[in-house]
Amino acid sequence: MTYREAVRAALRQALRSDPRVFLMGEDVGRYGGAFAVSLGLLAEFGPERIRDAPLSESAFVGAGIGAALGGMRPIVEIMTVNFSMLAMDQILNNAATLRHMSGGQLNVPLVVRVATGGGRQMAAQHSHSLEGWYAHIPGIKVLTPATVADAYGMLLAALRDPDPVFIFEHATLYPLEGEVDETAEPIDIRRAAVRRSGSDVTLVTYGGTLGKTMQAADFLAKDGIEAEVIDLRTLRPLDRSTILESIAKTHRAVLVDEAWRTGSFAAEISAQIMENAFDDLDAPVARVCSAEVPMPYAKHLETAALPKVEDIVSAAQELISRHG
Amino acid sequence: MTYREAVRAALRQALRSDPRVFLMGEDVGRYGGAFAVSLGLLAEFGPERIRDAPLSESAFVGAGIGAALGGMRPIVEIMTVNFSMLAMDQILNNAATLRHMSGGQLNVPLVVRVATGGGRQMAAQHSHSLEGWYAHIPGIKVLTPATVADAYGMLLAALRDPDPVFIFEHATLYPLEGEVDETAEPIDIRRAAVRRSGSDVTLVTYGGTLGKTMQAADFLAKDGIEAEVIDLRTLRPLDRSTILESIAKTHRAVLVDEAWRTGSFAAEISAQIMENAFDDLDAPVARVCSAEVPMPYAKHLETAALPKVEDIVSAAQELISRHG
Amino acid sequence: MATTSSTSCPPVSREHALFLLREMLRIRRFEEKAAEMYSLQKIHGFLHLYIGEEATGVGTMQAFTPQDAIVATYREHGHALARGIPSTVLMAEMFGKATGCSHGHGGSMHFFDASRRFYGGYAIVGGGLPIAVGLALADKLRNQLRVTACYFGDGAVAEGEFHESLNLAALWKLPVVFLCENNLYAMGTALVRHQAQTDISLKAGSYGLASQAVDGMDVLAVEAAAKQAADAVRSGNGPFLLELRTYRFRAHSMADPDLYRPKEEIEEWKKRDPISLFESRLREWGLLTEADRARIEKEVAAEIDEAVRFAEASPFEPVEELLKDVSGAVKP
Amino acid sequence: MATTSSTSCPPVSREHALFLLREMLRIRRFEEKAAEMYSLQKIHGFLHLYIGEEATGVGTMQAFTPQDAIVATYREHGHALARGIPSTVLMAEMFGKATGCSHGHGGSMHFFDASRRFYGGYAIVGGGLPIAVGLALADKLRNQLRVTACYFGDGAVAEGEFHESLNLAALWKLPVVFLCENNLYAMGTALVRHQAQTDISLKAGSYGLASQAVDGMDVLAVEAAAKQAADAVRSGNGPFLLELRTYRFRAHSMADPDLYRPKEEIEEWKKRDPISLFESRLREWGLLTEADRARIEKEVAAEIDEAVRFAEASPFEPVEELLKDVSGAVKP
Ligand SMILES: Cc1ncc(C[n+]2csc(CCOP(=O)(O)OP(=O)(O)O)c2C)c(N)n1
Ligand SMILES: Cc1ncc(C[n+]2csc(CCOP(=O)(O)OP(=O)(O)O)c2C)c(N)n1
Ligand SMILES: [Mg+2]
Ligand SMILES: [Mg+2]
C-alpha cells in the first residue's frame, strides 16, 4: 500500500479500536483531507469523530489539548507545517507545559499530524521543514516516519503515549509504495533504524530525505564506499546510541536534513557526536541541508535549494578523501 | 545608565531623528512598558508614535510589517518571547519571506524588540529563550545585546537595516549599569565582541548569560586558566570568524546558552566549529545550557534548570583536564 | 445590565447569604495576605490580585457542580478558593513548596487541582479559551452532561483565540460558559483603547450566541445570571457569553506602578466594593448581625493564618526531581 | 443584499459597460488558459482559479485609484489583472520565469507588483489582513489620503487574524476596505460548517464597523457598493467591511476532486454566471452587439495567446541568483 494508505489504515485501526479516538482538522471529512489521507473515513465514522474544523489552527489545536485533558485521544491534523505557526502558542505554552506546570496532575495524550517539506513547487509559505523546532521543546515527542511501515506503526505507537506527540509526514512521501504488516508488534518509537549497514561512513537522516540518502548510499557503493544509513525516525527523544555505535564503526558521518542549515536539527546531532564520539571521528561531521532561502517556486530554484543526492555523495567522498 | 535607560535613550534618539519611526506594542504608552523601558516617551512623542496596542500579537506584528512596507520604520515591542508564538505566522511566513517572494521588489524594515529569558520565577509561560529558533529563519536578523552600550547601539543599528531585525533583551539585564557613548560610531552588528581575551579556552555566549560567563572566566583565572570570552551579539548572521580565530588559539571551547540544550543555538555553533576547526580542537566542544524542562516557578528549581557559573567553570576545567 | 433591585424582602436565605459573604471575605483576606507575603519576599514572580472582583468569582462559581470543569487565568486565586481548593495548598504553591497545588511548579499564575477539575491557571492571555472548548468537546463526544466554565478578562477579547474559540464552541454547540471578567483594563490599557466596540456581551452576535452583561459588584445578580447561563448551556443550546462588569482595586500586578488611571476613578469604584455593598444589603434585610460579621472575620483570619503556617512549614520539592514531570511513561 | 434592479434605462455608459465586460472576460480566459497550461505541466504547485468570481474582483477594483494599495490571497489572478498588471508577466510568473511579476519566486499564489502597489499574493489564510492594516496605518501616520483594499475569503473569517485585524483597524480608524469574497466554501468546508453565524457582514458589529453585503454576481452592484465603501473610508470614518456573495465554478484548486458539493448546486450557480448575466443585461439595454462581443473575445484571445508566448519565450532566473533576494544591503 502507499504511505497515504498506511496512515489511513492506522487511523481506521485506531478509530475502530478506541472510542476515545477522533480525527479533527481542516477538511479531514468531506474533502477527505488535503492529501486525501482521510478519504472515506467520514463515511465509516461519521462527522462527530471525523471532524471538519474551521480555519482556526490555534483553537482546534488547543481544543485537541483540552479534549485530551478531558479523557479523549484526539488526533489533530495540521495541513502544512507553515500553518502550525498559528498554533505555536498552544503547542509550546500549553501542550508541552501542562504536565509540568500542574505538578504532574495532568497529561495531554494528544497526537498531531503535520504535513511537512518541500519539493512540490509550493513556494515560500508551504514548503518548509520545521521538525527541528519542535524537537527543541521539552514535554513533546517528535516522530518523522520515513517508510510506509512506519507511517502505519508510528501513528499507533503515538496513540499509546501519555504526552503530546507530533508526527511529521513529508508530503512527497504520500504516494510512496511499501509493505505494512498490520499484525506486527507495536513499534518502539524510541529506536532509530539502520536502513543499510556499512563500514565506511554513516549517513544520518529522517523523513523526506531518507530516499535521497539511500540513493546516495547505492551510488557510493559503486565507488566502493560502504555507507551505513540511519533513519532517526524520532527526533525527540533522540536515539543517540544507534548513531554512536555506527560512528564507532565508520568514524565518519554525514547528516542529511531538509531544514535550513543554520539551526537545523542536524546541528544538534553534530553537537552530540562532538560531545560523545569526538575521539572516534576521523573527520569532521558534515551536514547536507537546504539553502537558507524561503522556498522559491520555480522548479530549478527549488531543486537548487533542497538537498540533492549528489550533495550527499560528494560530502561523503570529501570526508573519506580529506581524512583518508 | 542602566540597560533599560539605554534602550529608552536609543528609542528617543530614533524617534527624534526619524519621523518614520514609531513604537507599537502592548502597554508601551500609558503604562510605560511592562519593563518600564518606554516610560516617559508617550509624553514626549504622543499616542500616534507611542502606540498602545490591544492584545493582538499577530495583528500588531503584522501591522508592523505592513507599515514597514508602507515606508515607515516601526519598532514593535513583544512583551515576552513566549507571547511571540502568537505572531510566529506573521514572522516566519510574511516578514521573513516578502523580499524573496516578491522577487526583491519589497523589503520589510521592521524592528521587533522582545524580552526574553528566565531567572525571575515567572514559570513556564514567561521564561524561555527562543532566540535560537529565530536564528534559524532566513531573511531576518537576530540581535542579542548583552551590554548597556550594545542595548543602545544595536537598536540604532537595527533601524538602519532594510530587513526585519529582532532584538532580544534578556529581562534580567534591564537593571544592569553601564556606560553609553551616544556620540560613538554606529555599531557593526555583524561582528561578535571578545569581552575578555585568554589563551586556554574559549567561552562563547550571548545575551543574558554573558555575566555568568565573565564570572566563570574570573573564577578560572584564579585556577590559572585564562579563558577568552566571546559575546556573539548577533546570532544571525553569525560572526563565525571571530569564534574560529579564538579556537585556533585556545583549541577548546565551551558554549553557554540559556536555551534548552537539545536544538539550542549552541548546537549550531558546535556544528560550525566541527565543520571549520576540527583539526584545531584538542577537546570536544562542550555546551552549558538549560535543563530540558518547562521553567519551574520555585526558586531552587529554576536555579537548577538554568546555566550556572559553576557549570561553566567545571565544563572548562573538564576540557582542560581530560585532554590536557 | 442585570442587577438585583434592593427589595425589602430578602431574595436569599440567611445561611446562603452568610456563605457568599464568607467566600468573598476569604478571597479578600487571602489576597491581602498574599500581598504581604510578596513584600516579605515569601512570594515571587508575578502576583495578580483579585481584590475588588470577589463577587464575580464567588457569584459565578455557585452555578457550577463538582462535575463541571473550570478554566481560569493568572488572576485565579479567587476562582481557586471559590472552587474549594484549600487556601493552605494555594499559599504553599506561591511559596514554591512541594505541598502546593502545583507542587511549586506553577506559582501564583498556575494553580491546578485535577481532583476538583480545576484545569488552571493560564498566563498567556486568551490561551485558556481553546482548552475550555476542548474540555467541553470531550464531554459532548461522550454525552456527559456537564459544562466547562471559562474565565478570562476584557483584554483577552482582543486576541484571535477569543474569536476562534467562541466560533468553534457555538458552531459545535459545546457546553461552555464563557465568563468575561471585564474590569475595564488590560494591564494599563483601558477598554476604550483596546476595543473598537466596548460592549463585550454584544460580540456574542458574531457567533449567534446568547449573552448577558451583569453588574459584577452585585454578588446576587452575578449568581442569578450565572445560574441562568449555566442552565441554558446544560439544556444543550450551546455556549453562553456572560460579561461581568467589575473593577480591580489593586494594580494589575505587584510590579505595576498603576500610572494609567485616575485615583478618583479607583475611589469611585471602591464605593461599590462588592463586599461592603453586600454587607449593607444584608443588614438592610436583617440577615447580618455585628456578631456574625465578627465571627466570620475571625474564622477567615484563622484560615489564612493556617494557610501561611502550612506554607511556611512545608518542604520544597527535592531538586533531584527537576525533570520528573516533563514526560510520562508509556503505559503498556 | 444590494443588487441592481434591471431597469429599462441603462445605469452605465456603453464604454464603461464594455470595459467591465472585457475585464471579466480577460480573467475568465486567462484562468481557462492557466488550467490548460497546468495540465500541460507548464504550471506547477497550487493553482486556484477565479472562474465564477470575476464580477467581485472587477467590480471592486473600480473603486480604487493607482495610489491605493491592494492586498490579496492565493486566489489573486483576477485581482492582479483587474489592477492592471500585464497578463504576460502573470503567466510568466506561473511558468517560473525571471520575467514573472515575482521573478518566478512566487508562482500562482504569490503575485507582486510594487509599482502598482499590489502587495501580494498571501497563501496563509488570514495572513494578509494584518499587512493591510499596517499599510493603512502607514498612510494614516503620514496623513496620506489613500486606502488599502484587503481581499480575503469566507474561510479567513474564522481565523483569529480576521478578528484582531478588524478590531485594530476600527479602533485606530484606519483606511482599510475589507473585501470578503464569500464563495460559500473554505476549500471543502461549507460556510455553514465553518461559521456559527453565517451572515459575515453582520460581524462588523463586533467592531462598530459599517458593512454591507452585495450580490457578487452582479458587477454593477459590486462596483456601486465598492465605491460607496471606498468613499466612506476615504472620508476618514475608519474601515468598512464589504461582503461579496459569490461562488467558484471550479474546484478549490487543481488538486481538488470537488467531492463535497452537489453538482446541481454548481449548475444552479452557473445560471448566474457573472459574465453571461452582465451580457444579457447589456443586450437588454442595447449596449452590446454581436460585433462588440466578437471583437472583445478576439482581442482577449490575442492578449492571452501573447501572454503564453511571452511566458514560453522568457528565460529562467540563473540558479546562481538563488540567494540574491533573501536579505538586502545596509544603506550607509
Ligand atoms: C498573549 C499575551 N500577551 C501579553 C501578556 C501580558 N499581559 C498579562 S495580563 C495582561 C492584561 C490582560 O488583561 P485582561 O484580559 O483584561 O485581564 P485582567 O488582567 O484585567 O484580569 C497582559 C497584557 C500575556 N500574558 N499574554
Ligand atoms: C492558515 C491556513 N490554513 C489552511 C490553509 C489551507 N487552505 C488554503 S485555501 C483554504 C480555504 C480558504 O477558504 P476561503 O478563505 O473561503 O478562500 P477561497 O479559497 O474560498 O477563495 C485552506 C483551508 C492555508 N492556506 N492557511
Ligand atoms: Mg481586564
Ligand atoms: Mg471561500
Side-chain angles (χ1 to χ4, degrees), chain A residues 19-20 22 24 48-49 51-74 76 86-87 89-90 92-110 138-141 157 160-164 186 188-190 236-237, chain C residues 69 71 93 98 100-107 109-115 117 119-124 126-142 144 148 159-169 171-172 174 317 323-332:
Chain A
R20 301 170 305 173
F22 66 101
M24 169 165 61
E48 289 288 301
R49 296 184 70 198
R51 184 168 285 269
D52 282 321
L55 277 141
S56 304
E57 283 77 5
S58 194
F60 69 73
V61 169
I65 297 167
L69 289 174
M72 302 300 284
R73 291 288 179 274
V76 170
L86 289 161
D89 164 53
Q90 288 296 327
L92 180 94
N93 291 315
N94 287 345
T97 60
L98 279 163
R99 177 187 285 270
H100 179 266
M101 279 199 303
S102 67
Q105 292 177 83
L106 302 179
N107 66 298
V108 181
L110 167 71
I140 69 170
K141 294 184 178 62
R160 281 192 303 271
D161 201 279
D163 298 310
D188 177 1
I189 59 170
R190 286 180 165 65
R236 185 180 194 95
Chain C
V71 172
E93 182 59 31
C101 62
S102 308
H103 302 189
H105 295 185
M109 300 193 288
H110 304 298
F111 288 172
F112 289 87
D113 184 343
S115 68
R117 304 202 76 222
Y119 286 99
Y122 293 85
I124 305 294
L129 279 80
I131 303 288
V133 169
L135 284 160
L137 175 59
D139 289 338
K140 175 123 194 274
L141 285 169
R142 281 180 316 215
Q144 252 167 328
T148 296
E159 290 282 5
E161 289 183 326
F162 167 85
H163 175 70
E164 294 185 1
S165 298
L166 266 69
N167 182 52
L168 215 56
L171 183 69
W172 294 345
L174 302 180
E317 185 173 65
L323 304 181
K324 182 168 105 292
D325 294 325
V326 178
S327 300
V330 177
K331 301 172 199 66

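Only a predicted model underlies this, so the values are computations on that prediction, with no experimental measurement involved. Proteins come first, then strands; the chains are lettered A, B, ... in the order of their sequence lines, and each starts at number 1.
Distance CZ/R142(C) to CZ/R20(A): 9.5 Å, rounded to 0.5 Å. One finds the CE atom of M24(A) at 7.5 Å from the CG atom of L168(C) (value rounded to the nearest 0.5 Å). Atom-to-atom distance recorded for R99(A):CZ and S327(C):OG is 7.0 Å, nearest 0.5 angstrom. From M72(A), atom CE reaches atom CG of L135(C) across 12.0 Å, with rounding to the nearest 0.5 Å. In this structure, D325(C) CG and T97(A) OG1 are separated by 12.0 Å, a value rounded to the nearest 0.5 Å.
When all heavy atoms are compared, the tightest approach of P130(C) to Q90(A) is CG-NE2, 3.5 Å. Across all non-hydrogen atoms, the minimal contact from A63(A) to V133(C) is CB-CG1, 4.2 Å. Across P162(A) and A329(C), no two heavy atoms sit closer than the pair CG-O, 3.4 Å. Considering all non-hydrogen atoms of both residues, D89(A) and G127(C) come closest at OD2-CA, 4.4 Å. Scanning both residues, W172(C) and P54(A), for their nearest heavy atoms gives CZ2-CD, 4.2 Å.
Contact count against chain C (heavy-atom pairs under 4.5 Å) is highest for N94(A) among N94(A), N93(A), L106(A). In terms of heavy-atom pairs under 4.5 Å with chain C, the best-connected choice from A53(A), G70(A), A59(A) is A59(A). Ranked by heavy-atom pairs shorter than 4.5 Å toward chain C, the options L69(A), D161(A), V61(A), I65(A) are led by L69(A). The most heavy-atom pairs under 4.5 Å with chain A, out of E93(C), M109(C), K140(C), E161(C), come from E161(C). Ranked by heavy-atom pairs under 4.5 Å with chain A, the list L174(C), I131(C), N167(C) is led by I131(C). Counting heavy-atom pairs closer than 4.5 Å to chain A, the top residue among A114(C), G126(C), S165(C) is A114(C).
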Any chance you could lay out the side chain to side chain contact (heavy atoms under 4.5 Å, CB included) test for L98(A) and F112(C), step after step, and finish with the verdict?
CA-CA 9 Å; L98(A) 279 163; F112(C) 289 87; 3.5 Å; yes

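For R51(A), the part lying near chain C is the side chain, with the backbone staying farther off; criterion is any non-hydrogen pair under 4.5 Å. Only the side chain of I124(C) comes within contact range of chain A, with at least one heavy atom under 4.5 Å from a heavy atom of that chain. At a 4.5 Å heavy-atom cutoff, the contact between L171(C) and chain A is made by side-chain atoms alone. The contact between Y122(C) and chain A is made entirely by side chain atoms (from C-beta outward), counting heavy-atom distances below 4.5 Å. For a residue to count as touching a neighbouring chain, one of its non-hydrogen atoms must lie under 4.5 Å from one of that chain's; by this rule D113(C) touches chain A with backbone and side chain alike. Using a 4.5 Å cut-off between heavy atoms, D52(A) contacts chain C through its backbone alone, with no side-chain atom that close. Only the side chain of F22(A) comes within less than 4.5 Å of a heavy atom of chain C; its backbone N, CA, C and O stay farther away.
Between E164(C) and L86(A), the closest side-chain pair of non-hydrogen atoms is not below 4.5 Å.
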